[in-house]
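I have a structure here, written as C-alpha cells, and I will follow up with some questions on it.
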Number of protein chains: 2
Amino acid sequence: MTPRRTAEPEPALIWERPEPPARRTPHPLSRALIVGAALELADADGLDGVSIRRVAAALEVGPMRLYGYVDTKSELLDLMADAVYAEIVPPAGRPPQDWRAGLRLIAALTRRAALRHEWFPELLGGRPHLGPHALAALEAKLAALHRVPGLAGRPAELRRAAAAFQSYLVGSLRTELSERQADRAEGRSEEQWRDANSPYLRRVLAAGRHPLLAELVVEGEHPTPGEEFEAGLEVVLDGIAALVC
Amino acid sequence: MTPRRTAEPEPALIWERPEPPARRTPHPLSRALIVGAALELADADGLDGVSIRRVAAALEVGPMRLYGYVDTKSELLDLMADAVYAEIVPPAGRPPQDWRAGLRLIAALTRRAALRHEWFPELLGGRPHLGPHALAALEAKLAALHRVPGLAGRPAELRRAAAAFQSYLVGSLRTELSERQADRAEGRSEEQWRDANSPYLRRVLAAGRHPLLAELVVEGEHPTPGEEFEAGLEVVLDGIAALVC
DNA sequence: TATCGGTCGATACACTGTATCGACCGCCGC
DNA sequence: GCGGCGGTCGATACAGTGTATCGACCGATA
C-alpha cells in the first residue's frame with residue numbers, strides 16, 4: 001500500500017525534521033509552544049490530561065493544526081520527555097571529584113525532575129530516548145561513570161554499571177512517583193492510603209502466612225521516600241565500587 | 001453526591017469481594033474465565049489489546065456482563081497482574097543455601113514471567129500489588145533477603161536491600177521488554193531497529209559531542225539482553241553484600 | 001400459576017487519535 | 001492592481017475506548 005517508494009526526503013525522526021517556518025497568523029504556533037502547553041497540561045493532570053484536542057484548545061487552535069508540527073502523538077511525548085531531560089543535564093563546569101558524588105548528583109537531578117513532572121517516569125524505561133537533551137544526559141551519566149577508578153578503560157564493566165544505575169533510577173522513581181500520583185488522584189496523602197488499605201492488610205497479615213512482611217510493616221521507622229531513594233542508591237553505588245576492586 | 005453513606009458492606013478491594021455465584025447460562029462466567037481471556041489477549045496483542053469489549057467478545061458475552069465480576073477495568077488489570085505473580089512464587093521446598101543463588105532464582109523467575117507476558121513490566125512499579133500471589137512473591141523475596149548473613153535482624157538495611165533489588169528488577173525488565181515489544185509491533189528485530197536508527201545516531205555521534213557514548217556504541221561485543229540482565233543483577237548483589245560487611 | 005427481583009445487555013455519552021477533504025487566504029506573476 | 005494558484009487550516013468522519021443508565025426478560029419463590 002502507498003506504493004510511492006521513490007525517495008522519501010522527509011527524515012523519519014522528529015529530531016532531524018525541521019519544523020515548518022513561522023507564519024504570521026492570529027495564533028502562531030511552534031513546537032516549543034506546543035510542548036510548553038503539553039507540559040503544563042501533564043504537570044497539572046498527568047499524562048492522561050494530554051490529548052491532542054486539549055493541547056490544541058490550550059493554544060486556541062484547531063486540533064489538526066498540531067499535525068503540521070508533529071507527525072503523531074507519540075512524537076509529542078518524545079518532545080516532552082526531551083524537555084525534561086534538559087533539566088537533568090548537570091551544569092557545565094567542574095564536576096565533583098568524588099565519583100560517588102558525581103553519580104549522586106545525577107540521581108538527584110533525575111529525581112528532582114521526576115518530582116516536578118510526575119508523569120516523566122512513565123515515559124522512562126521505554127525504547128531509548130534519542131533527543132538532544134536525552135543524549136546529553138546520557139553522556140553526562142557516562143562521564144560520571146568514567147570517573148569511577150578502574151572503570152574508564154573497560155567497556156563491559158562500564159556497561160554493567162550503567163545498566164544497574166539506570167535501572168535503579170527507572171525502577172525506584174517509577175514506583176515512588178506512581179504511588180504519589182495515585183494518592184493525589186484520589187485526593188489523599190500517603191498516610192490516608194495506608195489507612196485505607198490498612199484494614200485489608202491487617203487482616204491478611206493476621207492470618208500469619210506472611211511473617212516477614214508483617215515484621216517489616218510493623219517494625220522500625222518508615223523512612224521518607226527521599227531517604228529510601230538515597231539508601232537504595234547507596235547499595236547500587238557499593239555494587240559499582242565492588243565491580244572494580 | 002451519592003449521599004447514602006450508611007454502612008457500605010461491600011468490601012472495597014477485589015481481593016476481599018466474593019465473586020457472584022455461578023449460574024447456569026449459555027455462557028457461564030467467572031473471574032477465572034475473564035482473567036484467562038484477558039491474559040490471552042494481552043499475550044497476543046499487548047495491553048492495548050485488552051479492552052472490556054474485546055474480552056467480552058472472546059467470551060461470547062455482552063460487554064456489560066463483565067462488570068458483575070469486576071468493578072472497573074483497572075481491577076481486571078490487578079487480577080491479571082496477580083495471575084502473573086503466581087508464576088513468580090518460587091516452588092515450595094528447600095530454598096538454595098547460597099543467598100545469592102536465592103536472589104538470582106527470584107530474579108530469573110521474574111524475568112521468565114516477563115518474557116512470557118511482555119505487558120507485565122508495564123504493570124509493575126505502580127502502586128504496590130496486594131493480591132494473594134503478589135504478597136506470596138513478596139514474602140518469598142523477603143525470605144531470600146533474610147538469608148543474607150547479617151541482614152536478618154536489621155529492618156532498615158533489609159528495607160534498603162529490598163528497594164534496590166526490586167527497583168533493579170522493575171527498571172531493567174521494563175526497559176528490556178518495552179524495547180522488545182516496540183520492535184515486534186513494528187515487525188522488526190533488534191538488528192533492524194539499530195539499522196533504522198543507525199543513520200541518525202551515526203550522524204549525531206559523528207558531530208563529536210558525545211565521545212563516551214560513541215565509544216560505547218562502537219566498542220566491544222554487545223551482550224544479549226539476558227546477559228545484560230544478569231550482569232546488572234550481580235552489581236546489585238555485590239551492593240547488598242557490601243551492606244552488611 | 002402469578003408475581004417479583006435480580007440479571008443481562010442494548011443504548012448512550014463523552015472522549016480518544018488521526019485520515020480525509022473542501023474551502024479559504026496570502027502570495028506570486030503578470 | 002488583479003487573477004489564479006498552492007499551501008494551510010480545521011470541520012467532519014471513523015473506529016475505537018470505559019462505563020452509567022435503564023428497559024426487558026427470565027427464573028425462582030409464594
Side-chain angles (χ1 to χ4, degrees), chain A residues 1-4 9-10 14 17-31 33-35 37-38 41-42 45-80 119 122-123 185-186, chain B residues 1-4 9-10 14 17-31 33-34 37-38 41-42 44-80 119 122-123 185-186:
Chain A
M1 328 330 179
T2 62
R4 53 184 209 75
E10 197 73 352
I14 196 171
R17 210 179 332 123
E19 72 180 308
R23 186 167 290 279
R24 55 181 69 229
T25 71
H27 296 288
L29 225 51
S30 67
R31 283 188 188 149
L33 280 172
I34 293 174
V35 171
L41 281 173
D45 305 326
L47 269 193
D48 293 346
V50 180
S51 81
I52 296 286
R53 281 170 173 82
R54 267 203 278 260
V55 173
L59 297 164
E60 300 183 280
V61 142
M64 281 304 139
R65 192 80 190 279
L66 304 192
Y67 284 97
Y69 298 81
V70 139
D71 267 5
T72 214
K73 189 191 175 179
S74 99
E75 277 193 353
L76 173 56
L77 296 179
D78 286 346
L79 291 176
M80 292 168 63
W119 43 271
E122 285 174 63
L123 262 32
E186 301 172 45
Chain B
M1 329 330 179
T2 60
R4 51 182 209 78
E10 197 75 352
I14 196 171
R17 210 180 331 124
E19 72 180 309
R23 186 167 290 280
R24 57 180 68 230
T25 72
H27 296 287
L29 224 52
S30 68
R31 283 187 187 150
L33 280 172
I34 293 174
L41 281 173
D45 306 326
L47 269 194
D48 292 347
V50 179
S51 81
I52 296 286
R53 282 169 171 82
R54 267 203 277 259
V55 174
L59 297 163
E60 298 184 282
V61 142
M64 282 302 136
R65 190 83 189 277
L66 304 192
Y67 284 98
Y69 298 81
V70 140
D71 268 4
T72 215
K73 188 189 177 181
S74 97
E75 276 193 353
L76 172 56
L77 295 179
D78 286 346
L79 291 176
M80 291 168 66
W119 44 271
E122 285 174 62
L123 262 31
E186 301 173 45

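Below, read A as the first sequence line, B as the second, and so on, with proteins coming before strands; counting in each chain starts at 1.
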Exercise. Want to settle it: does A:Thr72 or B:Pro20 sit nearer the 5' end of DNA chain C, counting the closest nucleotide to each?
Worked result: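 Looking at DNA chain C, the more 5' nearest nucleotide goes with B:Pro20.
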
For this session: Grab the two heavy atoms, one from A:Pro28 and one from A:Leu33, that are nearest each other, plus how far apart they are.
Result: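 Smallest heavy-atom distance, with atoms named: O-CD1, 3.4 Å.
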
Exercise. At their closest point, which heavy atom of B:Arg31 faces which heavy atom of B:Arg17, and how far apart are they?
Worked result: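 In this case the closest contact between B:Arg31 and B:Arg17 is NH1-O, 2.9 Å.
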
Problem set entry | Residue pair A:Tyr69 / A:Ser30: nearest heavy atoms and the distance that separates them |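 Answer, listing the atom of A:Tyr69 first, then A:Ser30: CE2-CA, 3.8 Å.
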
For this session: Mind listing the closest non-hydrogen atom pair of B:Leu76 and B:Ala38 along with its distance?
Result: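 In terms of heavy atoms, the two residues are closest at CD1-CB, 4.1 Å.
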
Exercise. Which value, rounded to the nearest 0.5 Å, describes the distance between A:Glu19 atom CD and A:Leu79 atom CG?
Worked result: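 It comes to 9.5 Å.
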
For this session: Could you check which residues of residues 50-64 of chain B get a heavy atom under 4.0 Å from DNA chain C? Sort them by number, please.
Result: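 Result for residues 50-64 of chain B: B:Arg53, B:Gly62, B:Met64, sorted by number.
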
Problem set entry | chain A contact limits on DNA chain D, taken 5' to 3' with a cut-off of 4.0 angstrom to heavy atoms |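 Using the under 4.0 Å cut-off, the span is D:dT8 to D:dA13.
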
With a cut-off of 3.5 Å and sequence neighbours excluded, list every side-chain donor-acceptor pair involving residues 61-68 of chain A.
residue: A:Arg65; atom: NH1; partner: A:His27; partner atom: O; Å: 3.4
residue: A:Arg65; atom: NH2; partner: A:His27; partner atom: O; Å: 3.4

Without placing hydrogens or testing angles, list every side-chain donor-acceptor pair under 3.5 Å for residues 46-55 of chain A, not counting sequence neighbours.
residue: A:Ser51; atom: OG; partner: A:Arg54; partner atom: N; Å: 3.1
residue: A:Arg54; atom: NE; partner: A:Gly49; partner atom: O; Å: 3.0
residue: A:Arg54; atom: NH2; partner: A:Asp48; partner atom: O; Å: 3.4

For this session: Go through the structure and list residues passing side-chain contact (heavy atoms from CB on, under 4.5 Å) with B:Thr72, not counting sequence neighbours.
Result: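 B:Ser74, B:Glu75.
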
